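Working notes for the structure below.
Predicted, not measured: the structure shown is a model, and the values here were computed from it.
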Amino acid sequence: MGESTQINVKVVPNAKAAAVIRVDELNYKIKVNAPPIEGKANKRLIEILAEHFNVPKSSIRIIRGLASNNKIIGITSGNKLL
């Protein structure tokens, strides 16, 4: 069974380019190059985080803040705590 961690994310939608900015160990600012409509920014956020943490998209889930810029994200890894 994989281990998991939670991080706090401040999402900035409609950015010119995607970017992951680590504020500290559990807080991140993510620039998302997608609009905040019809779940597009959330979908892109999951893609960006999966690539950043080198895990499948299915390992990333939005725990709290689905319609907010401030989110709590759960990340599961098969072999280590992220």
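A 4.5 Å side-chain heavy-atom check between N42 and K71 finds at least one atom pair inside the cut-off.
Judged purely by atom type and a 3.5 angstrom limit, T5 has no side-chain atom pairing as donor or acceptor with the backbone of I75.
The salt bridge (Lys or Arg N to Asp or Glu O under 4.0 Å) pairs that include a residue from residues 18-41 number zero, where partners must be two or more places apart or lie in different chains.
Once rounded to the nearest 0.5 Å, the distance linking CD1 of I30 with CG of N69 reads 12.5 Å.
Taken together through direct or relayed side-chain contacts under 4.5 Å among Ile, Leu, Val, Met, Phe, Trp and Tyr, L66 and I73 form part of one hydrophobic cluster. Two different hydrophobic clusters hold V32 and I37 under the rule that ILVMFWY side chains link at heavy-atom gaps under 4.5 Å.
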With a cut-off of 3.5 Å and sequence neighbours excluded, list every side-chain donor-acceptor pair involving residues 6-20.
residue, atom, partner, partner atom, Å
N8, ND2, N27, OD1, 3.1

Less than 3.5 Å apart, which donor and acceptor atoms pair up between the side chains of residues 44-58 and the rest of the protein, not counting sequence neighbours?
residue, atom, partner, partner atom, Å
R44, NE, N33, OD1, 2.9
R44, NH1, E47, OE1, 3.3

